[in-house]
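Below is one structure, written out as C-alpha cells; comments come after it.
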Amino acid sequence: MARLQLEFPENQFYFTTQLTVRITDINSGKHLANDSMISMISEARARFLYQFGIEEVSVNDIGIIVTDLATTYRREAFARDALIFEVGLMDLNRYGGDIIFRITKAADGDLVALAKSGFVFYHFSSSKVCPMPEDFRLRFPGVNSIEE
C-alpha cells in the first residue's frame, strides 16, 4: 500500500505562528492527538488568513471552505510543547488551491508534521463554488498556478 508523501517548495511559506500543545490535546498514547492537530492546523490557517486581511466570509458572502486535508506525522509532540506552524500556499487554480503547513518543535526545530489542506472559494448564499477573487491572487504573486 502506497504511503502519502508531502513535499513543499521552501519559497511558498508566507506566515509563521506558534501554538502550544495543551494537556487537553493529549490522547491515551500520551502524545498530541490527531483531532487536536487538525484543530491546531485550523487555527494556524485562520491566523494566516487574518494576517493577510482575508476574511473567512466576506461582506459579499464569499468565503473559503476546506475540501480535503492530508497530514503526515514525523515525530510525537507532548503537552506544553511549543509548535511552530509555517503556513503557505501552492497549486492555485481558478477556484482555490492548497494551504500548506510545516509543523516543527520550537525548542529544537524537529519536524513534527507536514499537512496540506485543499480549499475553494464558496458563495454561501447560493451554496456554490465560485472563482477565486482577483485580490486574493494578487496578495500572493509568487504562488504557482496549475491548469484545470
Side-chain angles (χ1 to χ4, degrees), residues 1-58 62-122 124 129-148:
M1 182 169 134
R3 303 305 307 168
L4 180 65
Q5 297 286 327
L6 295 178
E7 295 180 24
F8 306 130
E10 283 296 318
N11 65 348
Q12 297 302 291
F13 291 98
Y14 295 92
F15 175 76
T16 301
T17 192
Q18 182 173 305
L19 296 166
T20 301
V21 179
R22 305 167 306 169
I23 194 68
T24 56
D25 295 324
I26 301 304
N27 64 15
S28 60
K30 299 186 177 144
H31 59 251
L32 177 61
N34 182 59
D35 60 328
S36 292
M37 176 60 88
I38 292 170
S39 293
M40 294 175 92
I41 288 168
S42 293
E43 176 63 24
R45 182 190 72 245
R47 290 179 184 189
F48 165 69
L49 295 173
Y50 180 81
Q51 178 70 26
F52 283 91
I54 301 161
E55 297 176 287
E56 295 263 359
V57 179
S58 72
I62 294 173
I64 291 174
I65 60 171
V66 173
T67 57
D68 54 59
L69 173 67
T71 308
T72 59
Y73 295 94
R74 303 292 179 87
R75 188 165 269 97
E76 294 174 301
F78 303 96
R80 290 172 284 292
D81 279 350
L83 301 180
I84 303 297
F85 286 73
E86 294 172 88
V87 186
L89 291 168
M90 62 186 285
D91 297 344
L92 296 182
N93 60 56
R94 183 172 181 214
Y95 300 101
D98 289 321
I99 300 176
I100 57 174
F101 305 85
R102 180 170 46 213
I103 302 113
T104 56
K105 290 187 178 184
D108 55 18
D110 281 350
L111 181 62
V112 173
L114 295 170
K116 181 165 130 171
S117 176
F119 72 95
V120 294
F121 282 88
Y122 190 77
F124 288 90
V129 172
C130 62
M132 177 185 299
E134 189 60 30
D135 67 327
F136 181 89
R137 193 177 295 275
L138 292 174
R139 285 181 169 99
F140 306 101
V143 176
N144 71 310
S145 293
I146 58 173
E147 298 297 320
E148 294 179 34

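- Between N34 and Y73, the closest side-chain pair of non-hydrogen atoms falls below 4.5 Å.
- For F124, the CZ atom is densely surrounded, since the number of other residues' heavy atoms within 6.0 Å is greater than 12.
- Taking CD1 of I146 as the start and CE of M90 as the end, the distance is 8.5 Å to the nearest 0.5 Å.
- Between the side chain of D68 and the main chain of G118, a donor-acceptor pair closer than 3.5 Å is present.
- A donor-acceptor contact shorter than 3.5 Å is absent between the side chain of D98 and the backbone of I100.
- One finds the NZ atom of K30 at 11.5 Å from the CD atom of E76 (value rounded to the nearest 0.5 Å).
- The line from CD1 of I64 to CZ of R45 is 8.0 Å long, rounded to the nearest 0.5 Å.
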**Asked** What do the steps show when you test F48 against F119 for ring pair (Phe, Tyr, Trp, His ring centres under 6.0 Å), and what is the final call?
**Response** CA-CA 14 Å; F48 165 69; F119 72 95; 9.0 Å; no
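- M37 places a side-chain heavy atom less than 4.5 Å from the side chain of V112.
- Residues Y95 and P131 have side chains in contact (heavy-atom distance under 4.5 Å, counting atoms from C-beta outward).
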Below 3.5 Å, can you tabulate the donor-acceptor pairs from side chains in residues 11-21 to any protein atom, sequence neighbours excluded?
from: Q12; atom 1: NE2; to: G142; atom 2: O; distance (Å): 3.3
from: T17; atom 1: OG1; to: R47; atom 2: NH1; distance (Å): 2.8

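- Taking both residues in full, the closest heavy atoms of N93 and R137 are given as O-NH2, 2.9 Å, listed atom of the first, atom of the second, then distance.
- Using modelled atom types, one side-chain atom of R139 and one backbone atom of F52 make a donor-acceptor pair closer than 3.5 Å.
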What donor-acceptor contacts under 3.5 angstrom involve side-chain atoms of residues 78-88, with partners at least two apart or in another chain?
from: D81; atom 1: OD2; to: F78; atom 2: N; distance (Å): 2.8
from: E86; atom 1: OE1; to: R102; atom 2: NH2; distance (Å): 3.0
from: E86; atom 1: OE2; to: R102; atom 2: NE; distance (Å): 2.8

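- To the nearest 0.5 Å, atoms CG (L111) and CG (L114) are separated by 5.0 Å.
- Heavy atoms only, all atoms of each residue included: S117 and V66 are closest at OG-CG1, 3.5 Å.
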- request: May I have the step-by-step check of side-chain contact (heavy atoms from CB on, under 4.5 Å) for M40 and I103, ending in yes or no?
  value: CA-CA 10 Å; M40 294 175 92; I103 302 113; over 6 Å; no
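- Between D25 and R22 there is a salt bridge, since at least one side-chain N of the basic residue sits less than 4.0 Å from a carboxylate O of the acidic one.
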Given the rule in the side-chain contact (heavy atoms from CB on, under 4.5 Å) test, do F136 and L89 qualify, once you have shown the distances and angles that lead to the verdict? CA-CA 11 Å; F136 181 89; L89 291 168; 4.0 Å; yes
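- A heavy-atom distance below 4.5 Å is not found between the side chains of F101 and T71.
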